[in-house]
Student: 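Please see the structure below; I have some questions.
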Amino acid sequence: MHNLLDFLRKYAYFFLFLLLESLSLLLLFRFNHYQGSVAFSAANAAVARVETGYAEALAYLQLQGVNRQLTEENLRLQMQTNRLREALMTATRDTCITQRLMMERLADYELIAARVVQNSQGYRDNYIVIDRGTTDGVQPEMGVVGGGGVVGIVYLTGPHYSLVIPVTNRKSSISCRVRGQNYFGYLQWDGRSMTRATVDDIPRYARVKPGEVVETSGYSAVFPPGIFVGRVRTVSNSADGQSYKLDVVLGTHFANLRDVMVVKTPYKAEIDTLQAQLRRADRPQ
């Protein structure tokens, strides 16, 4: 306390000077309009310079974090672009190869070009109506294919139109195999997605990996062997645990299906005759 009093006595005239100077400036700026406006402008300019400097310093300190965020965003966008580019190239390549291989498989078959006039979606039992019927040579149990592969099987026919059960129908069951292997099962639809179906009864000793091609087996008179059906998405155990179940991404896009072809199998009539003879022979006499 004694030191504080000594300090005030020592610099009393200086503090008095500051007090009087401040009072003078206050009176000058308070009661003189011009001087007051000049002082106000100068004070605002000084405050603006201080705030600008503070903002620039803060932005500089935050620049590292902003650069890191931009770098991460650029990498994420680049990865998405690469995935989209690869998906587009794969889709285009697969479509061209699928069409070419399918036409090679069907070179010895008579094909009836047809257009889809009605295409139900979103139901558990979907159906398709095409503008070809018995007058065009279409008969029940003929296979129907499109640019993406298997579409379905003709179920009912009229003179000029036919009803097709697509693979996206619970009643559909098409014998399929994994390309390059002799393991086969039946393609069936579970009613969940218009782009996927399942193949059951694949033996557990089969070496099936995601991405492999699923195609028709040729074990029926409806489709010749080797017609593209889709690609394996996942491999899981069947309900009984005795075999594998394949989740298959279908090659046919039913949402925009327009042009199809009905396959006339030349030996189907002979096979049907043999099966009818077998059924008659099995009947009790």
Side-chain angles (χ1 to χ4, degrees), residues 93-114 128 130 137-155 164-169 171-189 196-233 235 238 243-254 257 259-276 278:
R93 182 172 60 253
D94 284 350
T95 301
C96 296
I97 294 176
T98 299
Q99 291 179 341
R100 179 172 58 81
L101 292 178
M102 183 173 64
M103 296 311 297
E104 290 178 357
R105 298 284 192 277
L106 298 174
D108 297 330
Y109 295 83
E110 181 181 351
L111 303 177
I112 303 173
I128 294 173
I130 59 176
V138 179
Q139 297 294 331
E141 297 186 8
M142 286 185 175
V144 181
V145 299
V150 171
V151 173
I153 299 175
V154 176
Y155 182 62
V164 177
I165 292 183
V167 296
T168 55
N169 187 302
K171 298 176 183 177
S172 174
S173 181
I174 298 175
S175 178
C176 298
R177 69 186 180 190
V178 179
R179 179 173 292 175
Q181 304 187 39
N182 293 323
Y183 312 120
F184 73 96
Y186 290 92
L187 182 77
Q188 294 181 325
W189 189 59
R196 301 213 302 266
T198 58
V199 176
D200 291 321
D201 301 327
I202 299 297
R204 292 187 62 84
Y205 52 80
R207 296 182 179 180
V208 182
K209 298 180 293 183
E212 294 196 72
V213 172
V214 176
E215 61 186 13
T216 54
S217 65
Y219 291 159
S220 69
V222 179
F223 292 102
I227 303 300
F228 185 80
V229 174
R231 288 186 179 274
V232 177
R233 182 174 179 268
V235 181
S238 61
S243 59
Y244 285 138
K245 180 174 70 173
L246 308 182
D247 183 14
V248 180
V249 178
L250 300 174
T252 299
H253 299 283
F254 290 93
L257 186 63
D259 298 308
V260 296
M261 293 179 293
V262 181
V263 182
K264 295 185 66 174
T265 307
Y267 49 82
K268 184 177 185 304
E270 182 179 353
I271 294 177
D272 292 342
T273 300
L274 292 174
Q275 291 176 343
L278 178 63

Student: Quick check: closest heavy atoms across G137 and M142, and the distance to 0.1 Å?
Tutor: O-CE, 3.4 Å
Student: So W189 and V167, side chain to side chain contact (heavy atoms under 4.5 Å, CB included) or not? Walk me through it.
Tutor: CA-CA 7 Å; W189 189 59; V167 296; over 6 Å; no
Student: So which atom in F223 and which in G152 form the shortest heavy-atom distance, rounded to 0.1 Å?
Tutor: CZ-O, 3.1 Å
Student: Let me confirm one number: the OG1-CG distance from T198 to L246, rounded to the nearest 0.5 Å.
Tutor: 8.5 Å
Student: Would you name the heavy atoms of G146 and V151 that are closest together and state the gap between them?
Tutor: N-CG2, 3.4 Å
Student: Indicate yes or no for a side-chain donor-acceptor contact from S238 to the backbone of S243 under 3.5 Å, with no hydrogens or angles considered.
Tutor: yes
Student: With a sphere of 6.0 Å drawn around CZ of R204, does it hold more than 12 non-hydrogen atoms of other residues, nucleotides or ligands?
Tutor: yes
Student: Using the side chain to side chain contact (heavy atoms under 4.5 Å, CB included) definition, which of the options C176, S217, P203 pairs with Y183?
Tutor: P203
Student: Do you know the tightest heavy-atom contact between R177 and P225?
Tutor: NH2-CB, 3.8 Å
Student: What are the two closest non-hydrogen atoms of S172 and I165, and how far apart are they?
Tutor: CB-CG2, 4.2 Å
Student: Looking at CD1 of I153 and NZ of K171, how far apart are the two atoms once the value is rounded to the nearest 0.5 Å?
Tutor: 13.0 Å
Student: I need the E110 CD to M261 CE distance, nearest 0.5 Å.
Tutor: 12.5 Å
Student: Taking atom CG of D201 and atom NZ of K245, what is their separation to the nearest 0.5 Å?
Tutor: 11.5 Å
Student: Please find the pair of heavy atoms, one from V229 and one from T216, that lie closest to each other, and give the distance.
Tutor: CG2-N, 3.9 Å
Student: Check the pair V263 / I227 against side chain to side chain contact (heavy atoms under 4.5 Å, CB included), numbers first and verdict last.
Tutor: CA-CA 11 Å; V263 182; I227 303 300; over 6 Å; no
Student: Quick check: does any side chain N or O of T252 sit under 3.5 Å from a backbone N or O of V150, one acting as donor and the other as acceptor?
Tutor: yes
Student: Just by modelled atom types, is the G180 backbone N or O under 3.5 Å from a matching donor or acceptor in the E212 side chain?
Tutor: no
Student: With respect to R196, which candidate in V248, T168, D247, L250 satisfies the side chain to side chain contact (heavy atoms under 4.5 Å, CB included) definition?
Tutor: D247
Student: Could you tell me the separation between the CD1 atom of I128 and the CG atom of N169, rounded to the nearest 0.5 Å?
Tutor: 9.5 Å
